[in-house]
Amino acid sequence: MDGVQGMGMRKVGSQSSLVEPEDYDLSRLLDKPRLKIERKRSFDERSLSELSIGGNLRGVDSYENMHSPAGGPRSGFNTPGSSCRNSFEPHPIIGDAWQALRDSLVYFRGQPVGTIAAVDHQSEELLNYDQVFVRDFVPSGLAFLMNGEPEIVKNFLLKTLHLQGWEKTIDRFELGAGVMPASFKVLHNPIKKTDTLIADFGESAIGRVAPVDSGFWWIILLRAYTKSTGDTSLADSPECQKGMHLILALCLSEGFDTFPTLLCADGCSMIDRRMGIYGYPIEIQALFFMALRSALPMLSHDGEGKEFIEKIVKRLHALSYHMRSYFWIDFQQLNDIYRYKTEEYSHTAVNKFNVIPDSIPDWVFDFMPCRGGYFIGNVSPARMDFRWFCLGNCVAILSSLATPEQSMAIMDLIEERWEELVGEMPLKICYPAIDNHEWRIVTGCDPKNTRWSYHNGGSWPVLLWLLTAACIKTGRPQIARRAIELGESRFAKDGWPEYYDGKLGRYVGKQARKFQTWSISGYLVAKMMLEDPSHIGMVSLEEDRAMKPLLKRSSSSTF
Ligand code: GLC
């Protein structure tokens, strides 16, 4: 395949870097077995190399250069866990937000091990919002790391690792060993004075959905912990190495795939209900990519670890090529698809997936600005889901799945389509909403996912931290500031809702929980990153040169 050859080519280009190019070449990892002690250095080198600036990314260097391992509470905000203040004038809601975050802590035998999804005393129906969700804990964990409180993150990582080791069955079916729980709960017995854990791997979840994202978030958080504390001993421990191996074994196993993307059932991620994301959803592909890249410097180079490193390197090459080529859309690309011929056979086909131009929805022609682009929701045979999904696009920027040019284009799109994507209350989970017949077919008449509500075009405060991180990485913090200001005008007043409804995100969501923890921690993380952009290093990976350059897919393609 032409792409495979292209991926072998290396172009250093105009990168300004603090390290020699070879320090940052994935392909070299393959033939460089290192001793354990050297691998530790490799993580540091890599941390250093992540300080390097992509030629087209403004403002990252100074931010990342400032990053240093946490040495105690560092937030400039006067939080219950920190006393230091700096010249930065904190917003009045920050103190309360920290208090609410601390109120959500869950303890196991006296140790904090996570945060509960929502501390909503008004809501009669608890469902599973009284549990610690793996994905929901990520912004909480980042907030604690940024505030110099890594212990809770370590406890969480170890506790979930322990749960991974459980035997997991749904009815008579045994789940893969690497599956991480969607959520867990601590049961306190006040009489016996005992704490016990229960976990949900999908067997209790509404719709029995699979938490494919949990394992990826776990690896991403392990890297954030390691990067923030400088403590490699957790990631190096045999337990964590095994945990990573098990997760990787699940997603790197051979099958009948014809694409390097990961095939998923519906409801496999933050959108954990039927929403037509089955197939190859962008959220999972971006998290998959980021988890693979995050695992790479943490894996030990001996035995099984080395095999996984080899597999990862190969997969990353193929995955980045596939995603950057086939999921990317901009004005030019849309025009090309619009003019596609169909029924082409053999490898000379331009319309490789046999997409029928008539299936392009009307809205996308108006939505697509001349300036900007994004990764679409899904690509598979004859199926392109043109919807915009926020999380996948932000993670694509953070993981450098997006090229620097694509990252800039995503930010351009957010600016150009501010009203649609941010509106009055940040931030749309996806755009646009589906309605009527389509809603009936796609969601199965889901009354929670009616148009512009919840997962169907609802606006989720938690997404602010991802937007802010993407803004800082691309050197455009003013975009984040604008969105945060919108949130600050209402979040606390509205009781930190889980989501807002409406085309502009103006209404508190129909069934939204109040005091939703990740709305609170997402806001705090966004604020802390803006105040001290060096925090971005915990959740950002610089572009890898071995994955450059991209071959042009068609003569008119811009990338
Ligand atoms: C809802 C969300 C899911 C989240 C959970 C707990 O199910 O869709 O993403 O993890 O609530 O907050």
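Numbers for residues simply follow the sequence, beginning at 1. Both counts, for ligands and for their atoms, begin at 1 and track the order of listing.
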| query | Nearest protein heavy-atom contact for atom 1 (C) of ligand 1: which residue, which atom, what distance? | reply | Y454 OH, 3.2 Å
| query | Would you call the rings of F156 and F184 parallel, tilted or perpendicular, where under 30° means parallel and over 60° means perpendicular? | reply | tilted
| Which of the ligand 1 atoms, numbered from 1, are nearer than 4.0 Å to a heavy atom of Y129 | 1 (C), 11 (O), 12 (O)
| Got an N/O contact under 3.5 Å between M270 and ligand 1? | yes
| Is any N or O atom of H455, backbone or side chain, closer than 3.5 Å to an N or O atom of ligand 1? | yes
| query | Looking at W388, is R417 sitting on its ring face, NZ or CZ under 6.0 Å from the six-membered ring centre and within 45 degrees of the normal? | reply | no
| field | Protein heavy-atom partner closest to atom 10 (O) of ligand 1 - residue, atom, separation in Å | value | D136 OD1, 2.6 Å
| message | What I want to know is whether R135 and ligand 1 share at least one N or O pair that is separated by under 3.5 angstrom. | response | yes
| Y523: which of W496, W98, W465 passes ring pair (Phe, Tyr, Trp, His ring centres under 6.0 Å) | W496
| note | atom 7 (O) of ligand 1 has as its nearest protein heavy atom D272 OD2, 2.7 Å
| request: Check Q516 against ligand 1 and report side chain, backbone, both or neither, counting heavy atoms closer than 4.0 Å. | output: side chain
| said: Once rounded to the nearest 0.5 Å, what's the spacing between atom CZ of F327 and atom OG1 of T261? | reply: 5.5 Å
| request: Examine R490 relative to Y500 and say whether NZ or CZ is less than 6.0 Å from the centre of the six-membered ring and inside a 45° cone about the ring axis. | output: no
| query | Of all heavy-atom pairs between W439 and T450, which one has the smallest distance, and what is that distance? | reply | NE1-CA, 3.8 Å
| Aromatic plane relationship, Y431 with W363 - under 30° parallel, 30 to 60° tilted, over 60° perpendicular | perpendicular
| message | Taking only non-hydrogen atoms of E498, do any sit less than 4.0 angstrom from ligand 1? | response | yes
